[in-house]
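To start, the structure under review is shown below, and the notes come after it.
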Amino acid sequence: MRFWVIVGEGGGLNEVRNLKSGFDRLSEGESRNKIIPMDDLCFTMGEKGDVRILVEGEEVPPPDVFMLWGHYNEVFDGISRRLTSLGARSINDIDAKRVVCSKLETALLLEKEGIPQAKSMTVTVRTPVEKIVEYIGLPAVFKPSDGAQGAGVVLLHTEEEIRDYLKTLKEGDGKAVLAQEYIATAKGKDTRVIVVDYKVAHTIQRIADDPDEFRSNVHLGGHRVPSTLDEDSVKLCEKVAEICGLRMCGIDLLETENGYVVGEVNCTPGVDPEFMKTDQFKANILGLIAETLRN
């Protein structure tokens, strides 16, 4: 059985290192399991049936199962569709990955299914500031729809700050920006839930070390602590994964006075490196691969 993890833009160096140490345990170093940078993989296109896959310039057979690790883009899309056409199975469907890599599309999908989430609205350079404040309130979080790992996310406290922020946006560039309700009870912390094959596999709380930092991303200076969820929250996360069609994902929960709401869904979640060293992780991933082959 050949299993590939194909790492693209946004995969993250630390995550790749964690992946390698974790996935090496799946086959005790068997070379059929590979972590492949996207730039090291290419394929030919020509007459029907004349397809070749090259990894680091060497022709190789396609994997049985693969997983794309990184942001959605047209290269990932092409790789996924080519490998799938050759009979390989993808752990996460490329169309599901495309949707989840857009915060806007994800929010619309979850809204349709009645999933509790922070209030959001799309914002352009021409959006009236007073309408943002009326619906979202102050302070408000602004984030690019296609961002990840906290990049480009800002917390704005006044109408003047929002006006200055809107001036930085470009007209007609096709980029969506979301204004999102600021949940004060979740300042600098969230709960990252790893879901594998639509079941909660691991839960951690991420906490910012800087008391003035509202983002909890570990690579921005936060740290992880063990965490558990109540039964209703477990069911919520498993339902979100099913709605999004993701066999492996990370779901970020924000704690409000009335319980958890979904902050984000990640198809390339930062996984706790300590969890990746456990037998549970190995069992989860091996089970996921087996289930992917069956479906």
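Basis for what follows: all heavy atoms, side chains included, without hydrogens, waters or symmetry-related copies.
Residues Ile289 and Met1 meet the side-chain proximity criterion, which asks for heavy atoms closer than 4.5 Å. In this structure, Glu159 and Val133 have side chains that are in contact, with non-hydrogen atoms separated by less than 4.5 Å. You'll find the side chain of Lys97 stays beyond 4.5 Å of the side chain of Asp93, heavy atoms only. Side chains of Glu161 and Thr158 form a contact here, defined as non-hydrogen atoms less than 4.5 Å apart.
Applying the side chain to side chain donor-acceptor pair (under 3.5 Å) test to Asp95 and every residue at least two apart in sequence or in another chain returns Arg81. Under the rule for a ring pair (Phe, Tyr, Trp, His ring centres under 6.0 Å), Phe214 has no partner lying at least two apart in sequence or in another chain. In this view, Glu105 and Arg98 satisfy the side chain to side chain donor-acceptor pair (under 3.5 Å) rule, not counting sequence neighbours. The salt bridge (Lys or Arg N to Asp or Glu O under 4.0 Å) check on Lys239 picks up nothing, with sequence neighbours excluded. Judged as a ring pair (Phe, Tyr, Trp, His ring centres under 6.0 Å), and not counting sequence neighbours, Tyr182 has no contacts. Take Glu171 and apply the salt bridge (Lys or Arg N to Asp or Glu O under 4.0 Å) test, not counting sequence neighbours, and it matches Arg126. Applying the side chain to side chain donor-acceptor pair (under 3.5 Å) test to Lys199 and every residue at least two apart in sequence or in another chain returns nothing. Under the side chain to side chain donor-acceptor pair (under 3.5 Å) criterion, Ser90 pairs with no residue, sequence neighbours left out.
Across all non-hydrogen atoms, the minimal contact from Val225 to Ile207 is CG2-CD1, 4.0 Å. The two residues Ile132 and Met121 make their nearest non-hydrogen contact at CA-SD, 3.8 Å. When all heavy atoms of Pro269 and Cys249 are compared, the closest pair comes out as CG-C, 3.7 Å. Contact record, Asn266 with Glu264: OD1-OE1, 3.8 Å, taken as the closest heavy-atom pair.
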How far apart are the C-alpha atoms of Glu213 and Lys187, what are their side-chain angles, what is the distance that settles it, and do they pass the salt bridge (charged side-chain N to carboxylate O under 4.0 Å, His left out) test?
CA-CA 8 Å; Glu213 176 59 72; Lys187 178 186 176 183; over 6 Å; no
Between Thr203 and Ile194, is the side chain to side chain contact (heavy atoms under 4.5 Å, CB included) condition met? List the steps.
CA-CA 6 Å; Thr203 305; Ile194 302 299; over 6 Å; no
With side chain to side chain contact (heavy atoms under 4.5 Å, CB included) as the test, would you mind laying out the steps for Lys143 and Lys103 before giving the verdict?
CA-CA 9 Å; Lys143 56 178 65 174; Lys103 293 181 175 62; 3.5 Å; yes
Working note: Val65 + Ile91, criterion side chain to side chain contact (heavy atoms under 4.5 Å, CB included); need CA distance, chi angles, decisive distance, verdict.
CA-CA 7 Å; Val65 180; Ile91 281 180; 3.7 Å; yes
Intermediate values then yes/no, side chain to side chain contact (heavy atoms under 4.5 Å, CB included), Leu41 and Trp4:
CA-CA 11 Å; Leu41 187 152; Trp4 292 0; 3.7 Å; yes
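In terms of modelled atom types and a separation under 3.5 Å, the side chain of Asp210 and the main chain of Asp212 share a donor-acceptor contact. No donor-acceptor pair under 3.5 Å is formed between the side chain of Ser227 and the backbone N or O of Ile204. Side-chain atoms of Gln280 come within 3.5 Å of backbone atoms of Ala201 as a donor-acceptor pair (strictly under, hydrogens ignored). Side-chain atoms of His223 do not come within 3.5 Å of backbone N or O of Arg206 as any donor-acceptor pair. With hydrogens and angles ignored, the 3.5 Å screen pairs a side-chain donor or acceptor of Asn92 with a backbone N or O of Met248. Using a distance-only test at 3.5 Å, with no hydrogens or angles considered, no donor-acceptor pair links the side chain of Glu111 to the main chain of Ala107.
A distance of 13.0 Å separates OG in Ser102 from NE2 in His71, rounded to the nearest 0.5 Å. A distance of 13.5 Å separates CZ in Phe66 from CZ in Arg2, rounded to the nearest 0.5 Å. With rounding to the nearest 0.5 Å, the separation of SG in Cys101 from CG in Leu68 is 10.0 Å. In this structure, CD1 on Ile94 lies 10.5 Å from CG on Leu83, to the nearest 0.5 angstrom. One finds the CG atom of Asp197 at 9.0 Å from the CG atom of Asn284 (value rounded to the nearest 0.5 Å). Expressed to the nearest 0.5 Å, how far CG of Leu86 lies from CZ of Arg52 amounts to 13.5 Å.
If you chain together hydrophobic residues whose side chains sit under 4.5 Å apart, Leu54 and Val75 never meet in one group. Linking Ile, Leu, Val, Met, Phe, Trp and Tyr residues whenever their side-chain heavy atoms come within less than 4.5 Å places Ile53 and Met38 in a single cluster. Phe76 is connected to Val51 through a chain of hydrophobic side-chain contacts under 4.5 Å among Ile, Leu, Val, Met, Phe, Trp and Tyr, so both are in one cluster.
Chaining together hydrophobic side chains whose heavy atoms lie under 4.5 Å apart places Ile183 alongside Leu254, Val261. Annotation for Leu178: hydrophobic cluster partners, listed by chain and number, are Leu104, Leu108 (ILVMFWY side-chain heavy atoms under 4.5 Å, direct or chained). In this structure, Val99 shares a hydrophobic cluster with Val100, Leu109, Leu110, Ile115, Val193, Val195, Val200, Leu229, Val234, Leu236, Val240, Ile243, Leu246, Ile251, Leu253, Tyr260, Val262, Val265, the cluster being traced through Ile, Leu, Val, Met, Phe, Trp and Tyr side chains under 4.5 angstrom apart.
The environment of CD in Glu56 is sparse: at most 12 heavy-atom neighbours from other residues, nucleotides or ligands sit within 6.0 Å. Around atom CD of Glu58, no more than 12 heavy atoms belonging to other residues, nucleotides or ligands sit under 6.0 Å away.
A salt bridge does not link Glu238 to Lys235: none of the charged side-chain nitrogens sits closer than 4.0 Å to a carboxylate oxygen. In summary, Asp272 and Arg192 do not engage in a salt bridge, as defined by a charged side-chain N under 4.0 Å from a carboxylate O.
No side-chain donor-acceptor contact under 3.5 Å links Thr256 and Thr185. Donor-acceptor pairing under 3.5 Å is lacking for the side chains of Lys119 and Gln180. No donor-acceptor contact under 3.5 angstrom links the side chains of Asp77 and Ser80, judged on distance only.
Applying the ring pair (Phe, Tyr, Trp, His ring centres under 6.0 Å) definition to pairs two or more places apart or across chains, those involving residues 108-146 are Phe142-Tyr165.
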